[in-house]
Each structure stands twice: as C-alpha cells, then as structure tokens.
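When a ligand or atom number is given, it counts from 1 through the structure's own listing order.
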Amino acid sequence: MAPDHDPAFPAHGRAVDDLIADLRGGRGDDADWRRGRTFSLVYNAADAELERLHEAVAAEYLHENYLNPFAFPSLLRMEREVVAMGADLLHGNPRGGKLTGGGTESLFLAVQVARDHARAARGIAEPRMVLPSTAHPAFAKACHYLDVEEVRVPVGADGRADVAATLAAVDPSTALVVGSAPCYPFGVVDPIPELAALAAEQGALCHVDACLGGWLLPFLERLGEAMPPWDFRVEGVTSVSADVHKYGWCFKGASLLVHRDEDQLRRQYFLFDGWPGGLYGSATTAGTRPAAPIAAAWATVSHLGLDGYLRLADQVRAVSRRIRDGVDGIQGLRVTGDPVPGVLQIAADADPATGAPVLDIGAVGDVMDDRGWHLDRQQGGLHAILSPSHVAVADEFLSDLAAAVAGHGDSRGVEARYGGVG
Ligand SMILES: Cc1ncc(COP(=O)(O)O)c(C=O)c1O
C-alpha cells in the first residue's frame with residue numbers, strides 16, 4: 001500500500017475486490033484498538049450490537065448531505081432529538097444546541113459566539129479569552145483563526161484551574177472564560193462555579209469544555225461517584241460542549257454544543273445571499289456535511305438509553321480503578337492528581353530530595369510501545385483514556401508496565417537502552 005514514490009494519477013481504474021483486498025492488506029501497522037492496545041482516538045464500547053447498529057446506520061446515510069437539513073427532514077428530526085436528549089443530560093436548554101462535526105468545531109463555535117457577543121453586546125473591539133493551561137489546543141486554534149487573544153493561566157498543583165490566577169487574568173475585555181470537565185491531560189475537573197462567577201462579574205460568557213466528560217460524568221454521578229459541579233446547574237455557565245463521538249460511544253463526526261440562551265445559538269448561524277446562487281445558510285462551520293454521524297448519534301443514544309450508558313460508565317469506572325490502583329502499586333510510578341474515572345496521566349514519582357523524576361517515563365513508554373501498547377506521550381507522563389475494551393487487558397497492561405519500569409525505567413535501564421545518551 002505505502003508506495004516509496006509519489007504515484008502518478010492512475011491511468012485505469014481498479015477492480016473493487018482488488019482494492020478492498022489492498023485496503024485490508026495495508027492495515028498491518030495501524031493501531032490495534034479492537035484488542036484494547038490504544039488509549040485514545042477510538043472509544044471502544046466493546047459492544048458487538050452497538051457496532052452492528054453503527055455499520056447499518058453508516059450504510060443507510062452514507063450518501064446524504066446535511067448541508068441542507070430541509071432536504072432531509074429525517075436528519076433534522078434526529079438532530080433535534082439528540083440535542084434535546086443531550087441537553088436533558090446536561091440540565092440545559094433543549095432548543096439551545098446543535099450537533100457539530102467534533103470537539104474542535106464545537107469549541108471553535110463557542111469562541112466565535114463569545115467573540116461576537118463581546119463585540120456586539122459589550123462593544124469590545126479586541127476580545128480576550130482566559131483559560132487554564134490544561135485547556136485543549138482547539139481553543140488556541142480557534143483564537144488563531146478568529147483573532148481572539150488567548151490568555152493561558154497556569155493551573156494549581158492539583159492540575160485544576162487556579163481561581164486566584166484566573167481572577168488576576170480576567171479584565172473588562174474578557175469575552176470568554178473556559179473550564180474543562182475534565183481536562184484532557186490529567187482528567188481533572190476545573191472549579192467551574194468559581195470560573196463561571198468570575199466570567200459573570202465581567203459580563204463575559206463561560207464555556208465548559210466537556211467534550212471528554214459530557215457523556216460520562218452524568219452517568220458516573222448517577223452511579224454515586226462524587227462529582228464536582230460543572231454543567232448548566234452551575235449559574236453563569238453559558239455553553240457546554242460534549243462529544244458524542246467520545247464517551248457518547250458514537251462513531252466519529254458528532255459533538256454537541258449547547259448554549260443556555262438561544263440568542264447565543266443564533267450567533268452561530270451564518271446566512272448569505274450576496275451571490276447569484278440563492279440563500280446559503282449554515283448553523284456550524286462546515287458546508288457539505290456527512291449525514292451518517294448525525295443519524296449515528298441519534299441511534300446510539302436511543303439504543304443505549306440510560307441503562308446502557310450506566311452499564312458502560314460502570315465498566316469505565318471499574319477499569320479506571322484497576323489501572324489507577326495498579327499504577328500506584330508500581331514503585332516509581334503514580335497517577336497525576338485526582339482524575340475522574342476514564343482519563344489519567346501515568347507519571348514518574350518525584351525524588352523527595354531533588355524533586356526530579358525517579359525514572360525516565362518516556363523510556364517506560366518506549367518499552368510499552370515495543371510490547372504493542374500505544375500510550376500517548378505528554379510532557380509529564382503517559383496518557384491513557386480508558387474504555388470497556390480495556391477491561392479484558394488491564395492485568396496484562398499492568399504487568400507489562402511493571403516489567404517496563406523494572407527493566408528500562410530506571411536510569412541504568414535508560415543508559416542501556418540509549419547507550420548512555422538518555
Ligand atoms: C477536552 C477536549 N476538548 C476538545 C477535544 C477536541 O475534540 P476533537 O478531537 O473531537 O476535535 C478533545 C479531544 O480529545 C478533548 O479531550
């Protein structure tokens with residue numbers, strides 16, 4: 001499959017079976033998410049019925065285009081229903097949201113709405129956005145595209161937004177204050193009530209990035225897990241993003257963005273008739289839009305229901321406890337902070353005398369790679385997002401991790417591995 005030269009445009013078409021065989025044959029180096037060897041990118045419910053449903057939905061809506069919802073009222077109906085069901089979960093406005101193509105697009109739109117609100121309602125020419133250093137890079141990307149100044153504030157020792165530092169950073173030109181529920185790097189939930197209050201004092205909007213936790217934390221709360229407040233029950237929270245294609249267990253291309261106030265939702269809408277092609281309108285950034293993720297979001301939520309989501313959240317909680325306890329039991333390793341179930345960073349213990357890491361966590365990650373695990377690297381450790389597909393491999397993972405630490409994670413191991421360069 002992977003050519004060692006740039007291919008010329010094909011002179012002749014190839015047979016379907018030949019191409020399918022080629023596609024399948026070329027996947028040998030792809031991450032093996034089905035066997036629980038990856039920890040991000042694919043949120044695997046390990047549910048054969050759900051997968052069957054996804055395949056049927058994808059085939060059913062493969063060709064439709066959600067550019068014009070009025071051409072496909074079935075999709076419009078499904079979108080409205082998913083938005084209302086999701087808003088119910090978030091204690092939000094059932095008419096205040098839209099589905100987008102993913103977390104990045106939801107965050108982009110939250111920033112655009114805040115910028116336009118600041119300009120139009122508060123007369124701010126150069127809006128700023130204040131957010132913790134742990135907030136997702138999609139915010140930086142949005143600021144870059146939308147000409148909003150991004151002010152990142154270092155987080156506290158617990159990895160959560162530092163309220164006093166945020167207070168010092170917020171000023172009258174602040175359009176948006178952001179918190180995460182939870183943040184991607186450490187899986188901790190920011191102090192949303194405090195951040196929302198700071199925003200409200202300035203008349204700014206407050207977005208909660210629950211792209212990761214929006215479809216998980218509500219079920220963990222119902223399971224009795226202690227959960228800090230983060231959703232629309234918190235006064236001053238003006239919008240929430242929650243990705244259906246993460247812990248909502250949908251396939252890729254579906255995120256929910258809900259605004260408290262429908263006037264803010266309307267700021268997302270773009271209408272244009274200054275060309276001869278008629279009226280063009282959209283509620284999100286895309287033009288032509290795949291239909292399958294919208295149908296899949298509706299089908300997934302309808303299929304799983306509260307009992308299905310509780311079952312999957314319970315599995316995420318169980319495997320997270322197992323991994324967390326296991327990591328804490330390996331000498332030299334610890335889990336960073338106090339994450340909610342699902343997301344965590346595995347870091348090296350710090351030497352009490354010097355504060356330096358007692359082992360090279362990157363080298364541990366390399367050994368894990370060699371053993372077929374794909375843990376993402378962060379500045380301070382290895383990152384894992386856990387799903388039901390990890391239940392069956394948790395023990396194997398922990399024993400490989402212990403072996404990786406014993407063999408290569410200490411300084412002698414690093415020297416052996418890198419010839420002393422490490
Ligand atoms: C907290 C958070 N926000 C936003 C995003 C961006 O989502 P996407 O990759 O779907 O655009 C992610 C992705 O992992 C995330 O974890």
Side-chain angles (χ1 to χ4, degrees), residues 31 33 38-44 82 86 90 97-112 114 129 131-146 150 152 155 159-161 176-190 192 195 206-218 220 228 230-231 237 239-258 284-286 289-290 292-294 296-297 300 316 320 336-337 339-345 374-378 382-387:
W33 58 269
T38 60
F39 296 89
S40 63
L41 302 175
V42 180
Y43 293 70
N44 184 3
V82 183
L90 304 172
K98 286 282 169 200
L99 287 179
T100 74
T104 299
E105 188 179 10
S106 289
L107 299 184
F108 183 97
L109 289 165
V111 174
Q112 176 252 314
M129 178 170 99
L131 71 178
S133 56
T134 48
H136 194 272
F139 286 109
K141 196 174 180 177
C143 285
H144 176 66
Y145 282 17
L146 294 167
E150 196 201 33
R152 284 200 177 238
V155 294
R160 302 168 74 229
L176 183 66
V177 176
V178 165
S180 307
C183 72
Y184 176 94
F186 309 133
V188 294
V189 177
D190 287 322
I192 302 299
L195 297 179
C206 173
H207 181 76
V208 176
D209 176 6
C211 285
L212 206 42
W215 293 85
L216 179 64
L217 305 191
L220 291 170
W230 62 273
D231 60 19
V237 168
S239 57
V240 174
S241 50
D243 290 359
V244 203
H245 68 198
K246 294 193 171 76
Y247 282 116
W249 311 112
C250 183
F251 62 71
K252 302 295 174 285
S255 168
L256 173 66
L257 173 62
V258 184
T284 58
T285 51
R289 248 183 107 176
I294 290 157
T300 305
V316 170
S320 300
T336 302
V340 293
V343 187
L344 52 87
Q345 173 176 271
H374 295 269
L375 287 158
D376 290 323
R377 306 297 198 278
Q378 305 197 130
L382 307 172
H383 188 256
I385 290 182
L386 299 166
S387 64

Backbone or side chain, does any N or O of Pro182 fall under 3.5 Å from an N or O of ligand 1? no

How does Ala138 reach ligand 1, by side chain, by backbone, by both or by neither, if only non-hydrogen atoms under 4.0 Å count?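 Neither part.
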
Location of contacts on Asp209 toward ligand 1, heavy atoms closer than 4.0 Å: side chain

For residues Arg377 and Leu375, report the shortest heavy-atom separation together with the two atoms involved. NH1-O, 2.9 Å

In terms of heavy-atom contacts, Ser40 and Asp376 come closest through OG-OD2, 2.6 Å

Sequence neighbours excluded, which residues qualify as side chain to side chain donor-acceptor pair (under 3.5 Å) partners of Ser255?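 Result, side chain to side chain donor-acceptor pair (under 3.5 Å) vs Ser255: Ser106, Asp243.
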
For [X], atoms of ligand 1 separated by under 4.0 Å from a heavy atom:
{"X": "Leu212", "answer": "16 (O)"}
{"X": "Cys211", "answer": "2 (C), 3 (N), 4 (C)"}
{"X": "Asp243", "answer": "7 (O), 10 (O)"}

Between Asp190 (side chain) and Ala161 (backbone), is there a donor-acceptor pair under 3.5 Å?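 Checking the backbone N and O of Ala161 against the side chain of Asp190, a donor-acceptor pair under 3.5 Å is found.
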
Checking the side chain of Gln112 only, and the main-chain atoms of Leu146 only, is there a donor and an acceptor separated by less than 3.5 Å? no

Hey, does Lys246 sit under 4.0 Å from ligand 1 if you only count heavy atoms? yes

Quick check on His245 - does any of its heavy atoms sit under 4.0 Å from an atom of ligand 1? yes

For [atom], closest protein heavy-atom neighbour:
{"atom": "atom 16 (O) of ligand 1", "result": "Tyr184 CD1, 3.4 Å"}
{"atom": "atom 15 (C) of ligand 1", "result": "His136 CD2, 3.4 Å"}
{"atom": "atom 11 (O) of ligand 1", "result": "Thr104 OG1, 2.5 Å"}

I'd like to know if the side chain of Ser180 pairs up with that of His136 as donor and acceptor (distance under 3.5 Å, no hydrogens or angles considered). no

Answer with yes or no whether the side chains of Thr38 and His374 bring together a donor and an acceptor at under 3.5 Å. no

Taking only residues at least two apart or on different chains, which pairs with a member in residues 206-217 satisfy salt bridge (Lys or Arg N to Asp or Glu O under 4.0 Å)?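 Qualifying pairs: none.
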
